[in-house]
Amino acid sequence: MSSRIPMQEVSMACKTIPKQLSVVGIGIDMQSIEQLRQALERQGERMIAKVFTAQEREYCLSHANAAQHFAARWAVKEAFYKAMSGELSIPYRFVDVETRRTAHGKPYLFLYGALHEHAVRHRLDFHISLSHSGEYAAGIVLVTRPAEPGKELAT
């Protein structure tokens, strides 16, 4: 006996679920850990200071394989750019986008300056994930805002 719900019932059920969030954008990026390690060796502190905040530098440098942590944060910064490409027209720097971690280890974005003001003004929320395995690090950013009242999921 199958416990599957017929597709028509699933489709009908989705029509009644109120939409709570509107997706503004999504971005993903992968970074070669070795490529970033080489760039850090060539450019040193100049690159680190230009791209990573003091808090990011402290976190990454506290780990034995700092390059994989820098690479994951680089990927999040690139994913942020991709997710916001249709939303944002103000200039910003890499250090205006910071990956932080909650007390439980969950990563989140912290924005500075005009980016922060734009996010507050437009009620944007950021959901991120980052990972590193083997030769690569990856980051993904999902940008949402509260949906307009009365909107339902599109079918």
Side-chain angles (χ1 to χ4, degrees), residues 7 10 14 17-148 151-155:
M7 186 53 109
V10 171
C14 290
I17 299 171
K19 187 176 184 183
Q20 297 177 355
L21 295 176
S22 175
V23 173
V24 174
I26 187 167
I28 187 168
D29 191 70
M30 288 183 62
Q31 173 61 52
S32 161
I33 295 169
E34 184 57 31
Q35 183 183 35
L36 190 69
R37 181 188 329 275
Q38 290 172 8
L40 292 172
E41 288 173 0
R42 278 192 317 273
Q43 299 178 36
E45 183 58 33
R46 184 174 55 114
M47 178 185 177
I48 292 174
K50 183 178 179 181
V51 175
F52 302 101
T53 66
Q55 189 166 337
E56 288 173 321
R57 293 191 305 263
E58 182 181 340
Y59 176 82
C60 295
L61 293 171
S62 72
H63 290 81
N65 188 357
Q68 76 180 5
H69 298 282
F70 279 123
R73 278 146 187 79
W74 171 273
V76 167
K77 291 171 190 285
E78 289 289 327
F80 174 86
Y81 172 78
K82 293 170 183 175
M84 292 294 289
S85 63
E87 171 73 16
L88 197 59
S89 61
I90 57 174
Y92 67 93
R93 303 167 300 150
F94 280 117
V95 293
D96 292 336
V97 179
E98 179 178 79
T99 298
R100 292 186 176 181
R101 295 167 55 93
T102 67
H104 300 292
K106 180 182 178 189
Y108 68 96
L109 279 186
F110 187 87
L111 305 177
Y112 292 94
L115 280 183
H116 173 76
E117 292 168 12
H118 180 86
V120 169
R121 184 171 45 255
H122 295 278
R123 301 170 43 207
L124 301 179
D125 195 15
F126 302 91
H127 313 270
I128 73 168
S129 184
L130 51 111
S131 184
H132 38 75
S133 179
E135 299 175 23
Y136 293 94
I140 187 167
V141 175
L142 174 65
V143 186
T144 62
R145 70 167 48 104
E148 296 176 32
K151 294 283 184 175
E152 293 184 352
L153 287 174
T155 56

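V24 is not listed as a side-chain neighbour of T144, based on a closest heavy-atom distance of 4.5 Å or more. K82 is not listed as a side-chain neighbour of I28, based on a closest heavy-atom distance of 4.5 Å or more. L36 has its side chain within reach of M47: a pair of non-hydrogen atoms, C-beta onward, lies under 4.5 Å apart. The closest side-chain heavy-atom distance from Q31 to Y136 is not below 4.5 Å. Two residues are said to be in side-chain contact when any heavy atoms from C-beta on lie closer than 4.5 Å; V143 and F80 fail this criterion. Looking at L130 and R73, their side chains come closer than 4.5 Å, going by heavy atoms from C-beta outward. By the 4.5 Å heavy-atom criterion applied to side chains, I140 and I26 are counted as neighbours. V51 places a side-chain heavy atom less than 4.5 Å from the side chain of W74.
Across T99 and V76, no two heavy atoms sit closer than the pair OG1-CG1, 3.5 Å.
At least one test fails for R100 against the ring of Y108: distance under 6.0 Å to the centre or angle within 45° of the axis.
Rounding to the nearest 0.5 Å places CG of L115 at 10.0 Å from CG of L124.
Relative orientation of the H69 and H132 rings is perpendicular, given thresholds of 30° and 60° on the angle between their planes.
A ring-centre distance under 6.0 Å is not found for Y112 and Y92.
Salt bridge R145/D125: absent, no basic N to carboxylate O contact under 4.0 Å. In this structure, K77 pairs ionically with E56, as a charged nitrogen and a carboxylate oxygen lie closer than 4.0 Å. Ion pair K50/E45 not flagged as a salt bridge, since none of the NZ, NE, NH1 or NH2 atoms sits closer than 4.0 Å to an Asp/Glu carboxylate oxygen.
Judged by distance alone, the side chain of R57 and the main-chain N or O of F52 form a donor-acceptor pair under 3.5 Å.
Under 3.5 Å, the side chains of H63 and Q68 contain no donor-acceptor pair of N or O atoms.
No more than 12 heavy atoms of other residues, nucleotides or ligands lie within 6.0 Å of CD in E135, so this atom counts as exposed by the packing criterion.
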